[in-house]
Colleague: 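Please read through the structure below; I'll follow up with questions.
Quick caveat, the model's predicted, so the values are computed rather than measured.
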Amino acid sequence: MPEQGPLRVGATGGRAAALVSASVVAAALLVVAVLFSNSSTASRVAANARSLHAANAAAGNAAIARLAQAQAVVFVSDHALGVASAEAADLAVAEARAALDNFIDAAASLPNLQPSLTTAADTFGAAAEKVLTLLASSQVVSAEEVREQQMEPAYSELEAGLGAWQEAMVVSISSTEDVAGRTAWVTQLAVTLAIPGAAMGFYWWWVRRRMRERERDMESRLEAERALNRAKDEFVAGLSHELRTPLTSIYGFSEVLVETGKIDASTSMDLLGLINHEAAELSRMVEDLLTAARLDAGALTVQLEEVDLATEVEAVVAPFRRTGLELTVECPQAVVTADPLRLRQIIRNLVSNAQRHGGPNVALVAACHGDYITISVFDDGPGVSSDIEERLFHRFVNSGRRALLAGSVGLGLAVAQELAAGMGTTIEYGRRNGLTFFSVDLPRVELPTVMEAELEPVPA
């Protein structure tokens with residue numbers, strides 16, 4: 001009997017040790033289980049987040065590709081009509097090609113793509129590819145038919161399918177988050193379990209933030225594309241109207257000459273003068289459009305050389321005088337450094353702007369100021385309002401639907417300013433003694449015949 005005590009103590013100690021060991025093992029197993037559970041949950045969240053991100057990217061790139069295709073059709077159509085340059089059309093087609101390639105890459109990265117979505121994505125990509133092929137061969141009508149009849153339905157189906165998939169991913173992520181929440185209390189048993197929980201929470205917050213940022217960025221890009229399309233529609237409509245006006249006059253006056261046969265010389269000269277004036281206006285509009293397109297494409301070159309200023313000014317003002325414009329010219333015999341072609345276009349746009357939107361009295365004054373010649377175009381009109389003045393040299397500046405710039409297509413002053421910048425100078429607008437003026441400074445070439453003069457206000 002006395003020997004049983006130690007045996008009982010040993011047995012009790014063994015049971016305690018076994019209990020502690022079992023508790024430690026159980027705790028370790030529980031920790032491992034919780035860690036595994038958290039790791040598995042985090043993996044599912046990450047997988048679903050990647051799927052959702054891929055779906056967002058595919059949907060966004062599909063929308064951009066669709067808009068780029070429509071834009072390419074518009075530009076190629078405009079090029080066929082002669083209102084857009086070949087460079088602009090080629091650039092639009094290239095952008096459409098790049099957008100389509102981005103969509104194809106995004107669609108290829110979608111994991112476990114459903115058969116219906118695969119079919120819709122393939123149909124959309126094939127139709128878009130066909131549109132580009134038709135545009136490359138200038139088959140604009142066929143390209144538009146393929147876009148409307150094949151590409152648009154496929155896009156609608158793809159958009160709906162991706163939207164449903166995105167919703168499923170969001171539901172799956174939310175479900176996984178609920179599971180993680182129910183097991184969160186177990187993490188209190190071990191400090192180490194707080195780390196993966198915090199990491200997962202942070203990762204989820206980061207994923208959500210990235211998703212929101214991508215959605216905002218995609219929405220802003222889509223809104224920019226919609227605004228661009230609206231601006232293009234308004235510009236094309238306005239351009240068609242403005243080009244039709246001189247064309248109608250030219251056609252009408254020529255019809256009078258054709259139908260009436262021989263008429264007196266005075267009437268004939270009047271009609272020919274009107275035809276010449278409208279043709280000059282039409283030529284000026286087209287020249288501004290082509291210049292703007294070349295500027296956008298970076299294809300416009302400026303060749304500076306020594307230019308006789310009086311000769312260039314006379315070449316510009318002579319057609320205006322033939323139309324009856326009372327134009328006063330004060331220009332000394334001087335030589336300046338400029339591109340003669342761009343200089344004529346600048347002066348022509350400034351005079352045309354004064355004729356269209358200024359007062360009845362217009363004057364062109366060139367005066368020497370040190371090493372520069374200042375060329376100024378004055379008129380006695382009221383000038384422009386303060387809200388327009390800040391945007392005066394921007395493209396397509398208008399009040400309502402009425403263009404305020406030379407040429408009536410909203411490009412004259414903007415093009416003149418960009419050409420002046422190409423020659424290293426700038427055009428300034430101002431008011432002086434009740435007169436409106438636009439002026440530009442050009443470097444003067446030292447010649448004995450150049451006389452110094454001070455700029456005086458031109459009388460109304």
Colleague: Search all heavy atoms of Val307 against all heavy atoms of Ala338 and return the closest pair with its distance.
Modeller: CG2-O, 3.4 Å
Colleague: So does Glu152 get a backbone contact from the side chain of Arg66, meaning a donor-acceptor N/O pair under 3.5 Å?
Modeller: no
Colleague: Between Gln417 (side chain only) and Ile427 (backbone N and O only), is there a donor and an acceptor less than 3.5 Å apart?
Modeller: yes
Colleague: Treating Thr425 as the side-chain partner and Leu442 as the backbone partner, does any N or O pair qualify as donor plus acceptor under 3.5 Å?
Modeller: no
Colleague: Could you go step by step and tell me if Glu129 and Arg97 meet the salt bridge (Lys or Arg N to Asp or Glu O under 4.0 Å) rule?
Modeller: CA-CA 8 Å; Glu129 182 68 35; Arg97 165 62 63 186; 2.6 Å; yes
Colleague: Is there a donor-acceptor contact under 3.5 Å from the side chain of Asn349 to the main chain of Leu413?
Modeller: no
Colleague: Any chance OH of Tyr372 has more than 12 other-residue heavy atoms, nucleotides or ligands included, within less than 6.0 Å?
Modeller: no
Colleague: Flag the pair Glu215 and Arg212 as a salt bridge only when some basic side-chain nitrogen lies within less than 4.0 angstrom of an acidic carboxylate oxygen.
Modeller: no
Colleague: Look at atom CZ of Arg321 and say whether more than 12 heavy atoms of other residues, nucleotides or ligands are closer to it than 6.0 Å.
Modeller: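 Atom CZ in Arg321 is crowded, with more than 12 foreign heavy atoms closer than 6.0 Å.
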Colleague: For residues Val316 and Gln345, determine if any side-chain heavy atom of one lies less than 4.5 Å from a side-chain heavy atom of the other.
Modeller: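 They are not in contact (no side-chain heavy atoms under 4.5 Å apart), so the answer is no.
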Colleague: For the CD atom on Glu145, are there more than 12 heavy atoms of other groups (residues, nucleotides or ligands in this structure) within a distance under 6.0 Å?
Modeller: yes
Colleague: Is the Phe438 ring parallel, tilted or perpendicular to the Phe393 ring (thresholds 30°, 60°)?
Modeller: perpendicular
Colleague: Any idea which heavy atoms bring Ala99 and Ala68 closest together, and the distance?
Modeller: CB-CB, 3.9 Å
Colleague: Look up atom OG in Ser439 and atom NE2 in His369, then write down how far apart they are to the nearest 0.5 Å.
Modeller: 9.5 Å
Colleague: Side-chain contact, heavy-atom cut-off 4.5 Å: Val440 with Met423?
Modeller: no
Colleague: Can you confirm whether Tyr429 sits close enough to Thr436 that some side-chain heavy atom of one is under 4.5 Å from a side-chain heavy atom of the other?
Modeller: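 Yes, side chains in contact.
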Colleague: Give, for atom CG of Leu309 and atom CD1 of Ile375, the distance between the pair rounded to the nearest 0.5 Å.
Modeller: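 One gets 4.5 Å once the value is rounded to the nearest 0.5 Å.
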Colleague: Is it the case that the side chain of Asn102 and the backbone of Asn61 share a donor-acceptor pair, with hydrogens and angles ignored and the cut-off at 3.5 Å?
Modeller: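 The answer is no, because no donor-acceptor pair under 3.5 Å joins these two groups.
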Colleague: Working to the nearest 0.5 angstrom, can you tell me the gap between Met151 CE and Glu144 CD?
Modeller: 8.5 Å
Colleague: Are Val365 and Phe437 close enough that some pair of their side-chain heavy atoms sits under 4.5 Å apart?
Modeller: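 When only atoms from C-beta onward are counted, Phe437 and Val365 do not touch, as no gap falls below 4.5 Å.
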Colleague: Any salt bridge linking Arg348 with Glu312? Criterion: basic side-chain nitrogen under 4.0 Å from a carboxylate oxygen.
Modeller: no
Colleague: Rounded to the nearest 0.5 Å, what separation is found between the CG atom of Asp379 and the CG atom of Asn353?
Modeller: 8.0 Å
Colleague: Quick test of your reading of the model: are Glu219 and Arg221 salt-bridged, counting only N-O distances below 4.0 Å?
Modeller: no
Colleague: Please examine the side chains of Asp339 and Thr301, heavy atoms only from C-beta on, and report whether any two atoms are closer than 4.5 Å.
Modeller: no
Colleague: For the atom pair CE (Met211) and CH2 (Trp204), what is the distance rounded to the nearest 0.5 Å?
Modeller: 6.0 Å
Colleague: Restricting to non-hydrogen atoms, name the atom on Leu222 and the atom on Ala63 that form the minimum distance, rounded to 0.1 Å.
Modeller: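 So the two residues come closest at CD2-CB, 3.6 Å.
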Colleague: State, to 0.1 Å, how close Pro382 and Arg431 come at their nearest heavy-atom pair, and which atoms those are.
Modeller: C-NH1, 3.6 Å
Colleague: Looking at Ala128 and Gln69, what are the two nearest heavy atoms and their distance?
Modeller: O-OE1, 3.4 Å
Colleague: Provide the closest heavy-atom pair for Ala143 versus Leu135 in the form atom of the first, atom of the second, distance.
Modeller: CB-CD2, 3.7 Å
Colleague: What's the spacing between Cys331 SG and Asp308 CG if we round to 0.5 Å?
Modeller: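 Cys331 atom SG to Asp308 atom CG measures 8.0 Å (nearest 0.5 Å).
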Colleague: Would you please classify the geometry between the Phe103 ring and the Phe124 ring as parallel, tilted or perpendicular, with 30° and 60° separating the classes?
Modeller: perpendicular
Colleague: Show, in sequence, the C-alpha distance, side-chain angles and deciding distance for Met218 and Ile64, and conclude whether the side-chain contact (heavy atoms from CB on, under 4.5 Å) test is met.
Modeller: CA-CA 9 Å; Met218 195 64 63; Ile64 294 172; 4.2 Å; yes
Colleague: Taking everything shown except Glu305 itself, do over 12 heavy atoms lie less than 6.0 Å from its CD?
Modeller: yes
Colleague: Quick check: do Pro443 and Asp371 have side-chain heavy atoms less than 4.5 Å from each other?
Modeller: no
Colleague: Indicate yes or no: at least one non-hydrogen side-chain atom of Glu314 is less than 4.5 angstrom from one of Val317.
Modeller: yes
